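Just so it is clear, the structure is predicted and the values come from calculations on it, not from any experiment. In listed order, ligands and their atoms are each counted from 1.
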Amino acid sequence: MTHTLVYPITTVHNAEGHLEIDGCDVVDLVTEFGTPLVIYEEKTIRDQCRRYLAAFREHTEDFEVIYASKAFFSVAVAQLVMEEGLSIDVSSGGEYHVAKAAGFPAERIFFHGNNKTRDELEYVLSEGAGFVVADSFQELALIEELMAPRGVAQRVLLRITPGVEAHTHSYIETGQVDSKFGFGLGDGVALEAIREALISPHIDLVGLHAHIGSQIFQLDGYRKAIEILVKLIGQAHAGFGFQCRYLNVGGGLGIRYTQEDTPSSIGEYAAVKMQGVREEMAAMGLPMPRVLIEPGRSIVGKAGVTAYRVGTIKEIPGVRTYVSVDGGMSDNIRPMLYDAQYEGILANKADQQADTMVTVAGKHCESGDILIRDAVIARPEPGDILVTPATGAYCYAMASNYNGSLRPAVILVNGGRARVIIEREEYADLVAKHRPLRDQGQYQ
Ligand code: LLP
């Protein structure tokens, strides 16, 4: 039996009745690497990159797929997506540092953020970035100031807030936008930002950017956002000859977390975005820009699963059964933060009937530390290995040391082999940056 919907593409139940991912028995993996363990399957990551490239290539040769590294930033995964021909989006000096450590060429790095600090901008501009996506007038002034002594212009896109907010099932037009991000359309703000960037000698304004949300299932919001962006491009073209050479229409494609989820396909997503840009630009009588997209979740989400060991099982007759695992909100905060739904399976009992309804709880000192409410799994016992699928995006990336938890090991599997791509933290890491009082001498 295979699990292709929510799990990495090569996932099967093997002859031992265990969950197996690309030839690696999950029970053997946790014996070797411990728990909690984040397991990424290389083929799914590469497959998602290729699907994006193929889907856009059906519409144009002039496009770029940019991996939003916030979904999971690791040197190895950045290298995988680089090998597949993707560019990378970083939203901080830290993510930029990881991209550089992975060997990403500067010209394929897009630097985002609504509050890039002077230090971050100095670091990134001195090392080089293909594009800075500027978010505010303050930032435009800072880029100009930092680039002037270099005597060259930085390529910049402006982040526009089109007043469209997309949610899983629909979108809303918010009109006068209440958002910390980007330049809004009200009061001609976005138009003024374009005018200002165009006259800044050390800013090479090459295009616009908009990102309208994440985990989006219905694609109509994209069409609306593109319509609004292109209208702005038309106004800026007419007003001050702005040529939009790059149009970055953001990321956001939703993925399946449970069997019930019904996301759109990459093909549908590419068609909506490309047709949208083509038709709107043509209607405006303007040439096609290079179309950029920025997926994060849909590149790595399905490729990752988390394996935990079951510890305490508490049955409250007539109420519920709590199955506690050796991780929780410190490695997956999404259920608490977004009410995100996950499935679970016992990897060592993968072929057994899933007939027991339980609540999977973490080990942290909070009642809300619940990973799955009403999971239906095989009869659990202490020592079982519980796997939650679709944890590849925004789980490790948002992991913490809460309650002195150690961030899990992260491994990459391919063709029956596994390699560690991020080491498990150790107790010593928890105090590595702490300084005992006696080392501090007197207050200064
Ligand atoms: N581009 C920009 C400017 C973004 O802000 C984001 C995500 C992306 C691209 C990638 O979006 P994606 O394709 O992954 O949907 N922590 C939340 C998700 C936050 C997304 C933030 N921005 C979660 O766990 O659901």
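- Between Ser298 and ligand 1, no pair of N/O atoms sits closer than 3.5 Å.
- Within the 4.5 Å cutoff, side-chain heavy atoms of Phe183 are placed close to those of Leu140.
- Heavy atoms of Asp89 found under 4.0 angstrom from ligand 1 belong exclusively to the side chain.
- Contact atoms of ligand 1 toward Ala68: 8 (C), 9 (C), 10 (C) (distance under 4.0 Å to a heavy atom of the residue).
- In terms of N/O distances under 3.5 Å, ligand 1 is not approached by Arg159.
- In this structure, a donor-acceptor pair under 3.5 Å is absent between the side chains of Ser324 and Thr312.
- Using a non-hydrogen distance threshold of 4.0 Å, Gly252 registers as a contact of ligand 1.
- Every atom of ligand 1 is numbered from 1 in the order shown, and the set under 4.0 Å from a heavy atom of Arg297 is 12 (P), 13 (O), 14 (O), 18 (C), 23 (C), 25 (O).
- Listed by number with element, the atoms of ligand 1 under 4.0 Å from a non-hydrogen atom of Glu294 are 1 (N), 2 (C), 3 (C), 8 (C), 9 (C), 10 (C), 13 (O).
- Every N/O-N/O distance between His112 and ligand 1 stays at or above 3.5 Å.
- Considering both main-chain and side-chain atoms, Arg334 comes within under 3.5 Å of ligand 1 through a nitrogen or oxygen pair.
- Counting only N and O atoms by type, the side chains of Asn248 and Glu294 include a donor and acceptor under 3.5 Å apart.
- Looking at heavy atoms from C-beta onward, Val38 lies out of side-chain contact with Asp331 at the 4.5 angstrom threshold.
- Not a single N or O atom of Gly251, backbone or side chain, sits closer than 3.5 Å to an N or O atom of ligand 1.
- In terms of the ring-ring contact (aromatic ring centres under 6.0 Å, His included) criterion, residue partners of Tyr52 (sequence neighbours excluded) are, by chain and number, Tyr269.
- At least one heavy atom of Pro295 sits closer than 4.0 Å to an atom of ligand 1.
- In this pair, Tyr257 and Tyr342 present their aromatic rings perpendicular. The plane angle is above 60°, beyond the 30 to 60° band.
- The distance from ligand 1 to the heavy atoms of Met398 drops below 4.0 Å at these ligand atoms: 16 (N), 24 (O).
- For Asp22 and Lys43, the salt-bridge test passes: some basic side-chain N is under 4.0 Å from an acidic carboxylate O.
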